[in-house]
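In what follows, a single structure is set out as structure tokens and then discussed.
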Amino acid sequence: MSTRIAFLKGHGTENDFVIVPDPENVIDLSPAAVAALCDRRAGIGGDGLLHVVRSAAHPEARDMAAEAEWFMDYRNGDGSVSEMCGNGVRVFARYLQRVGHVAEGDIAVATRGGVKTVHIAKDGDVTVGMGKARLPEGDVTVSVGERSWPARNVNMGNPHAVAFVDDLAHAGDLYSPPPFSPLAAYPEGVNVEFVVDRGPGHVAMRVHERGAGETRSCGTGACAVAVAAARRDGADPAVTGTHATYTVDVPGGTLVITERPDGQIEMTGPAVIVAEGEIDAEWLENAIR
């Protein structure tokens, strides 16, 4: 391992990430290494890590290389692997633009959740084609303390349980994963969103992200919330033939989610690079011993 490893730090609506450019996939980013880098006191700090790799150089992305040159090898803050991160894709695209790999306009990014289409606008916002939501059948319940709520099971390439509540404070501190049932609904864990109404087509949410705890924002979670809110409100674009758009307030800002009649979902929001530097490889090796 080289003595220095380049990194950047970025965020999308304050969902923050350590970015590690590694085009040829030569850096060994073990779960322990990722967790050390994402540690907010002893490391750089982040909700997750964006490992930037050419699709052709990564065994999980080679089949997507013809569609997307770059693969977002996303890791949660605890080092675990995740299928997809909506805010992460926007920040990933902003990094590619910053270093000159891509320009404004449409690009494709490979993820474990499939190839995502991304549009980098002149005004700075980034729109991500998040694919279609799946709505698995079956009742789900989530709980915090003595309160329990029915939740909508929404899959955006990763699993979500969306609960509508009277007050976001009812979500508690969200330090630990909210219990859910049945356990069989989410065998690998779940992201849990708590949602309140702010007005027509306007909601606010808090989220416990699987592997990260409460975060300031969750892109796939905002999409899941918009879909769940639309169905609750009797809107299904596939039936009505018209777009359903929701403004979703998160603790770190605002995202705009649109579901089209063909089922495709688009998420628009900011993406910011705030710093860049070098990781000391000796520190990293010591941190994971």
Side-chain angles (χ1 to χ4, degrees), residues 1-54 57-61 70-96 98-99 109-113 158 173-177 188-192 207-221 251-252 271-289:
M1 184 182 289
S2 63
T3 57
R4 301 281 177 178
I5 302 167
F7 82 95
L8 298 91
K9 179 71 181 289
H11 76 91
T13 50
E14 298 182 11
N15 193 190
D16 62 336
F17 310 96
V18 179
I19 305 163
V20 178
D22 182 22
E24 302 310 316
N25 197 28
V26 298
I27 299 173
D28 180 17
L29 286 173
S30 67
V34 172
L37 289 168
C38 290
D39 188 296
R40 295 194 180 279
R41 288 185 170 83
I44 296 166
D47 294 323
L49 184 143
L50 307 176
H51 185 206
V52 185
V53 185
R54 291 188 189 278
H58 199 288
E60 293 184 72
W70 296 97
F71 173 55
M72 184 181 77
D73 174 17
Y74 182 68
R75 317 292 182 87
N76 294 312
D78 66 354
S80 60
V81 171
S82 183
E83 303 91 339
M84 174 57 185
C85 175
N87 288 316
V89 173
R90 296 202 318 279
V91 175
F92 189 93
R94 178 70 74 222
Y95 162 76
L96 294 178
R98 178 188 179 97
V99 297
V109 174
T111 75
R112 290 185 179 85
N158 57 358
D173 57 34
L174 292 182
Y175 291 150
S176 57
E188 297 180 356
V190 64
N191 306 286
V192 182
V207 58
H208 181 282
E209 284 198 63
R210 179 182 56 169
E214 183 173 15
T215 59
R216 301 284 292 170
S217 180
C218 176
T220 56
V272 181
I273 303 295
V274 299
E276 59 182 307
E278 294 179 325
I279 301 160
D280 187 292
E282 183 177 355
W283 165 82
L284 185 59
E285 289 174 359
N286 290 333
I288 62 179
R289 284 177 182 170

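In what follows, residues are counted from 1 in the order of the sequence shown. Everything numeric in this text was worked out from a predicted model, so none of it was measured.
Side chain of Lys9 to backbone of Gly45: a donor-acceptor contact under 3.5 angstrom is found. When atom types are taken as modelled, the side chain of Arg54 and the backbone of Glu24 share no donor-acceptor pair closer than 3.5 angstrom. In this structure, the side chain of Arg4 does not engage the main chain of Glu278 through any donor-acceptor pair within 3.5 Å. Judged purely by atom type and a 3.5 angstrom limit, Asp78 uses its side chain to pair as donor or acceptor with the backbone of Ser80. A donor-acceptor pair under 3.5 Å is absent between the side-chain atoms of Arg210 and the main chain of Ser82, judged by distance alone.
Checked against Met72 for a side chain to side chain contact (heavy atoms under 4.5 Å, CB included), the options Leu96, Val91, Thr111 give a single hit: Thr111. If you run side chain to side chain donor-acceptor pair (under 3.5 Å) between Asn87 and each of Asn15, Thr220, Thr215, only Asn15 comes through.
Contact annotation: the side chain of Trp70 approaches that of Pro23 to within less than 4.5 Å [non-hydrogen atoms, C-beta and beyond]. No side-chain heavy atom of Glu214 sits less than 4.5 Å from a side-chain heavy atom of Asp173. By the 4.5 Å heavy-atom criterion applied to side chains, Val109 and Phe92 are counted as neighbours. Using a 4.5 Å cut-off on side-chain heavy atoms (C-beta onward), Tyr74 and Leu50 make contact. Residues Pro59 and Asn25 form a side-chain contact, since some pair of their non-hydrogen atoms from C-beta on lies under 4.5 Å apart.
In this structure, Leu29 CG and Leu284 CG are separated by 8.0 Å, a value rounded to the nearest 0.5 Å. Distance CD1/Ile27 to CD1/Ile5: 5.0 Å, rounded to 0.5 Å. Phe17 CZ to Ile273 CD1: the interatomic distance, rounded to the nearest 0.5 Å, is 10.5 Å. Interatomic distance, Arg216 CZ to Glu209 CD, rounded to the nearest 0.5 Å: 13.0 Å.
The shortest heavy-atom contact between Val89 and Met84 is CG2-CE, 3.4 Å. Nearest heavy-atom pair, Ala6 versus Pro21, reported as atom, atom and distance to 0.1 Å: O-CD, 3.5 Å. The heavy-atom pair separating Ile19 from Gly10 by the smallest distance is CD1-N, 4.1 Å.
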**Stepwise side chain to side chain contact (heavy atoms under 4.5 Å, CB included) check, Arg98 with Glu276** = CA-CA 11 Å; Arg98 178 188 179 97; Glu276 59 182 307; 2.8 Å; yes
**Message:** Under the criterion side chain to side chain contact (heavy atoms under 4.5 Å, CB included), I'd like the reasoning laid out for Asp16 against Arg40: C-alpha separation, chi angles, the key distance, then a yes or no.
**Reply:** CA-CA 11 Å; Asp16 62 336; Arg40 295 194 180 279; 2.7 Å; yes
**Item:** Trace of the side chain to side chain contact (heavy atoms under 4.5 Å, CB included) decision for Phe71 with Arg112
**Value:** CA-CA 9 Å; Phe71 173 55; Arg112 290 185 179 85; 4.0 Å; yes
**Item:** Test log, rule side chain to side chain contact (heavy atoms under 4.5 Å, CB included), inputs Val34 and His51
**Value:** CA-CA 10 Å; Val34 172; His51 185 206; over 6 Å; no
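A salt bridge links Asp73 with Arg75: the distance from a Lys NZ or Arg NE/NH1/NH2 to an Asp or Glu carboxylate oxygen falls below 4.0 Å.
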